[in-house]
Structure formats: C-alpha cells, structure tokens
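Take a look at the structure set out below.
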There are 2 protein chains.
Amino acid sequence: MKITIKDIAEKAGVSTTTVSHILNNKGSRFSEETRQRVLKVVDELNYQPDFFAQNMIMKKSRTIGMIVPDVTDLFFSKLIEGVESYFNSLGYMIILCNSKHDPKLEEKYFQQLVYRSVEGIIIATPNILSEKILKNDDVLRRHIPLVLIDMGKNPREQGKLLVEEYQGVYSGVKYFIEMGHQKIAFIQEVGDYYQLSERITGYLNCLEDYNIDYNPQLISEGPLTMQGGYQATKQVIEQSQKDFTAIFCSNDQMAVGAYQALLEADLRVPDDVSVIGFDGLEIARYMAPALTTVYQPTFDIGFYAAKFILDAIENPKQRIPNKIFETKLLVRDSVKRLTN
Amino acid sequence: MKITIKDIAEKAGVSTTTVSHILNNKGSRFSEETRQRVLKVVDELNYQPDFFAQNMIMKKSRTIGMIVPDVTDLFFSKLIEGVESYFNSLGYMIILCNSKHDPKLEEKYFQQLVYRSVEGIIIATPNILSEKILKNDDVLRRHIPLVLIDMGKNPREQGKLLVEEYQGVYSGVKYFIEMGHQKIAFIQEVGDYYQLSERITGYLNCLEDYNIDYNPQLISEGPLTMQGGYQATKQVIEQSQKDFTAIFCSNDQMAVGAYQALLEADLRVPDDVSVIGFDGLEIARYMAPALTTVYQPTFDIGFYAAKFILDAIENPKQRIPNKIFETKLLVRDSVKRLTN
DNA sequence: TACTTTTAGTAAAACGCTTTACTAGAAAAT
DNA sequence: ATTTTCTAGTAAAGCGTTTTACTAAAAGTA
C-alpha cells in the first residue's frame, strides 16, 4: 500500500530512527554516505511521511479553519483571498466553511473544525454567535486562537477585527449633505434596524449633526446582496413616493441592485438620485456611473486576521490583538452636486 | 492536556475498548448501565476523539482538496459554493487553495493536498496542468479521485466536467447575426488565441457558416476579469476604429469592463454596440442594460464535481464519469436588432 | 451435574511516525 | 595502556485511537 518509513529504512539498510533524523535534520550527524543512500531511496520510492502519523506526535496540523456566510459574496471572497495569501507560503492550509448565513451551520462547522484540530479559526459573519462558539471549552483549554470579523456584533475581548463603520457611513452621508442633499435614503442589512448597528447610527447621527430631520420612510432593509439592494430600493421609492435625492447603500452589491431599481423607476443616477455604496469592491469602479463608495481594506483585513492567528500560534501566551481599520470615501461619479 | 479515551475509561471504570465500542456502536453489546455510565463521563469531560489518531487507523480523512485560480472570481466562487454544498451534510470538509493562476503554485498545492491525505481533489483552472499532476504516482496508486473543471484543456480520460463552450458561443454569435449584426468583435482569455479554444472556434465557425468574413482587428484578448474586459474592449475599439456593432465577451466579468470601455468611447449599449457575455452570473442581470449572456450551470458543475468525487470514494473500482453541461442563451437587453 | 452457549466485557496489537535514551567502536587524551 | 570523548548510529517508548482475538462469569441445556 503506502510506503512507510520502515520500507525506506529496510531498503537503505538503516533504522527508522536514522531515516527520520535525516529527513528532519535532527539528532546526531550522519555520514554523508548514509545520508545520500537514504535520500536516494526516499526519492526512488517517492516517500512522503504520513500526515496523520506525524501530527499525532507533533500536534501541528498546520490547518486553519475559516467560516464565512457566503463565498460568492465579493466582500467575503476578497477576505478569503487575504487570508489565503498570508498562509500560502507558510505551509498552512485553510479549511473553508460556507455557512449560508445559518447560525446552526456556523456552530456545527465550528465544532467540526475544533474536532479536526485546526490551529486557528477565523469567523467572518455579520451574525450573532452562540456562547458555544464564543466561550468554547476546547478552544479555551487548547488555546486555539480565534479571530472574529463580525462588524462588532459579538462581545469579545481579543481577536476582533473591525472597520470604522460608523465613521465610514458618517463620511458618506456628510458628503451627500455637503453636496446639497437633504433627503437621504438609507438601505441596510436585514434585522439591523432595531439593533441600531454602527452603520445606521452613523447615518442618523450625521443627519442630526446637520439638523436634518430623520424620515423613517427613507429607510429600508434587505439582505446585503444585489437582489436585496434592488428590493430595498424599490421599497424606499414606494414608501417615499420618489421623494429623495440620495441613497446610501450598506454595501456595493446593494448599490448594484439600487441602480437597477432606480433605473426601472425612471430615476437616473446621479441626475435624479445620487448613490453611495460601502466596501470599495472592484465592481464599484465599473458601474455606470462609477460608484462613489466608502472603501474598506477588505484584503488587508483577511491578511491581518491570518497574521494575528499565526502570531498567536507561535506565541500562545500572548493575547490576540484587536485592530480597527480605517475607511476612505472614494469619490467617483454617482453623486451629483445639488444647486438649489 | 487533551482528554483521551484513556481518561474516559479510567473515570468510568472500564477499558478503552469498551469506550470505543460504545462510542462507535460496534462490537458486542454492553449493559445499558455501563453504556450510560460511559456516555455520561464522555459528556461531562466533553470528550472528543482525536482526529489524527482516528485517521491513522481508519484512513478516512473526510477531506477534499479544491484548487481554483481565483476565489474572488464570481465563476469560481459559485463553483466552490456548489462543491461545498454537496459535501456539507456529509461530514466532509474542503481545503481550499487559491492558485492565483500560477501553475507552479497549483503543483505545490496539489502535492500538499496529496500529502495531507485528502480523499479527493477538484481542480478548476483554465490552465494547462503538468504531468506531475495529471499522472501523479501517489494519486494513481492510492486511487485518489481527481476531477478537472478545466474547459477541456487537459488530456484526460475520466473525471472531466465540461461545458458546451463551443455551442454556447456559437449560439450567442448566431443570435447576433440573426439580429442583423455582421461586424462582431470577440474578446477572450489571454493566450487562448493561438491555441484556438472552444470558444473562439465557436465564434469563427459561426461566422464562416453565415459567410461573414473574419476580421482579425475585431479580436482582442485579456484576462477574464473586469479590468481585462475593459482593456480588451478598448483595444478592439482602437484597432477597428469603432467599426463594429456587436461584441462577444468571453465571460460576464469581461462584459462589465466592456460596458465601461464602450461608455468611455461614447458608444452606447445596445444602441451603438450590442454585447453578449458568458456565464450567466447574477451580476449580468443587474447591469444596465441587463446583459444578454450565455448561461452555464456553474453551481451544478461544482455540485456534480463533488458528487462524482464522493461516488468514486465509495466505489473505488469504478471510473469517474465525465459530464458535459449545456449552455443556454439568456436574452436580455444588451442586444439591439439592426434594421439596415 | 457437566457441558455448551451467551453475555459483557478486556488485553494487546497495530497504525506510522518522532524522540529519548542508549551503545559499540573509533579516535583522542592522559 | 588505559581512560575519555566523539562518531554514527539504534532500540524502544509513546502519540490516541480502533480492532481482533480472547476470557471469566452467567445462563441455558442435556
């Protein structure tokens, strides 16, 4: 069946100890002659040590678990790219779990990852996580580093990677206002409304700071998808009877849907309605007109998540840092200056 | 440290054999009393068997390796979703590798996956793979099922999942012609031109069948990305001095870039130039105007890849089937009927 | 009663590696 | 010449399971 270290040892006329030592550059020195002989046999038989046998002793799975709600979401795939890119050269591999936004599945995956002895876990989700995840016995006992990219939804002391959502939205809405807009709509993630996420707070506070009355008819919600943005925008159009000049979308994908909904309602971007998105995905640049959007460094977030995990693996005593990423308004062509 | 089966056995006053048997419902029957006692201890100590120790004996890693060139590419992320969705409930997990279109990296990942004893490998790539992958000793010896989603690029007898690219493109170009177009541009993947892929052959043959002269100035290439489509379209515009009325894009993402390039050149879609894409991604529906595109069942391809792998795992003797997926032209608003 | 069968379990091997502790013989030191 | 040190290795334990082959005691049977 599989070639084992024993086969190599036998064929090279040495002990398994010797083979192991030579392969791992450990222990006492060996004569160049035996070294070559062993290496030659290894090469001839195309021997590779058994991953499981090795791990049983060394307890280094060199595997990271990552849970995302939707791989096809451009934000999360960019994040995955960042994570993968860091682990790439280091011999770590990632087990990817697509939770489909289902908390039950997230929990199941989490447990499976723990069972598989991953050395670290990254959970990216806008959902509330259960105690079973956040205070998992195994994870605590075995010091498995956990990093959350969760928009600040879950209480946690370390390993939180956040984006300045509040400031991001605030700067976008402020930009609308500075461009002369007063009737500013806001479409956001489902379920967020009542729990007042950072994003909507940024919106509300900015309005307040500029003494603009908040109009509930200008707010609507939907999933953070193109379809979601389309529906939510349609709803805003109906609710307000087209009485708005700007719309802030909780992410770029919603903005794509918003464009469509506006077009169908005979509202032109930006002549009739100005639009701002959030994320700064590649697609934003290619929308017509190019979308003004609040950029967040998605790739970097993934990259840092990976880095923090790795640091924590190498330094188990240390706590995992938190990090807040800045946003930046990318001004493009989807916002019109209002001259009234 | 970790709780082992020995701890459980000791605390429950039985042998490890008993614990193992009870946990796996194997071997002779045990009295309900001991069963409960063992189970209780297992629960109390929150015991989980060690994945590596188990695998060492059972040799079932329940892990699948998947290599894609770019996770952020909507086609591949959809594929991943399909694969993940099939393995999801079955306790299999997938190790995801993002090769960045680098053949060297593909080979390295492949070897790592083999080393990690994955039970199956799915490679989705438009690249030529090395012999080291296609005729890998380990994979052959250990009968690791391999499925290729490679647009037919690599010679292989089994485990090939293909799409009717030729027919897809042909039907799109034919549609252009039926709508009165004669000057039809084609933008395609880099490097494909000289190796005459299925896609360009579909284009060329269709032109020929309708007695339309093929004009090399109407062909251009770029990566299968928005940026790539943008550049390639720009090039076509220059080369032909705007002398074309339609453009076929090798994928939807290129079409997004094409829209942008056309817009910048003051060419309106579809009034001045009609556009067709390939893939049928969600985004196509939200483009303005909505993109007419050749749909391919991306999710299903992933799903079947997973299914075939699993069938092959359960049935090692059997060969892995090939499968060809049909395409379908989704007519939307990006093609104008020419009346001349 | 004396044998057989069943019940309820156990001991020990095996999986394929790494690692610790040891050693025979050669070379160096006294 | 004897002891010490160095060289080039090896034997065997151990990692945490599963599994095979076995067994003592209880129950059933003739």
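Hydrogens, waters and symmetry mates play no part in the numbers below; they use all other heavy atoms, side chains included. Order of the sequence lines fixes the chain letters, A, B, ..., with proteins taken first and strands second; residue numbering starts at 1 for each chain.
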Candidate nucleotides C:dT18, C:dG9, D:dT20, ranked by approach to the side chain of B:His21 - the nearest: D:dT20
Whole angstrom value for the distance that separates P of D:dC15 from CD1 of B:Ile57: 15 Å
side-chain N/O A:Gln54 vs C:dT18 OP1/OP2, d < 4.0 Å: yes
Plane angle bin for B:Phe51 and A:Phe52 - parallel if under 30°, tilted between 30 and 60°, otherwise perpendicular: perpendicular
A:Tyr47 side chain near C:dC17 phosphate (N/O to OP1/OP2, under 4.0 Å): yes
Nearest listed nucleotide, side chain of A:Val14, among C:dG16, D:dT10, D:dG16: D:dT10
Whole angstrom value for the distance that separates C1' of D:dT19 from CG of B:Leu23: 15 Å
Whole angstrom value for the distance that separates C1' of D:dG9 from NZ of A:Lys26: 18 Å
Between C1' of C:dT10 and CD1 of B:Ile8, the distance in whole Å: 18 Å
A:Glu119 and A:Arg62 ion-paired at < 4.0 Å: no
Note: B:Lys2-B:Asp50 ion pair, threshold 4.0 Å (strictly below): yes
Proximity of B:Tyr304 and B:Tyr86 rings by center, below 6.0 Å: no
B:Ser15 vs C:dA11: side-chain N/O to OP1/OP2 distance below 4.0 Å: no
Separation of C:dT18 C1' from A:Phe51 CZ (nearest whole Å): 15 Å
side-chain N/O A:Ser20 vs C:dT18 OP1/OP2, d < 4.0 Å: yes
Upstream residue (5' side of DNA chain D) when A:Arg37 and A:Thr16 are each assigned their closest nucleotide: A:Arg37
Between D:dG14 (P) and B:Met56 (CE): distance, integer Å: 15 Å
B:Asn315 side chain to B:Lys317 backbone, donor-acceptor under 3.5 Å: no
Under-4.0 Å salt bridge between B:Lys11 and B:Asp7: no
Between C:dC17 (P) and A:Ile3 (CD1): distance, integer Å: 10 Å
Atom-pair distance (NZ on B:Lys59; C1' on C:dC17), nearest Å: 11 Å
Sugar-phosphate only, base, or nothing, as touched by B:Thr4 at under 4.0 Å among non-hydrogen atoms: sugar-phosphate
Touch class at under 4.0 angstrom, heavy-atom based, for A:Thr17 against every strand present: base
Closest to the B:Asp50 side chain, choosing from D:dG9, D:dG16, C:dT19: D:dG16
Below 4.0 Å: OP1/OP2 of C:dC17 and any side-chain N or O of A:Asn55: no
Quiz item: A:Ser31 side-chain donor-acceptor pair to D:dT7 base, under 3.5 Å: no
Donor-acceptor pair present, B:Thr34 side chain and C:dA8 base, under 3.5 Å: no
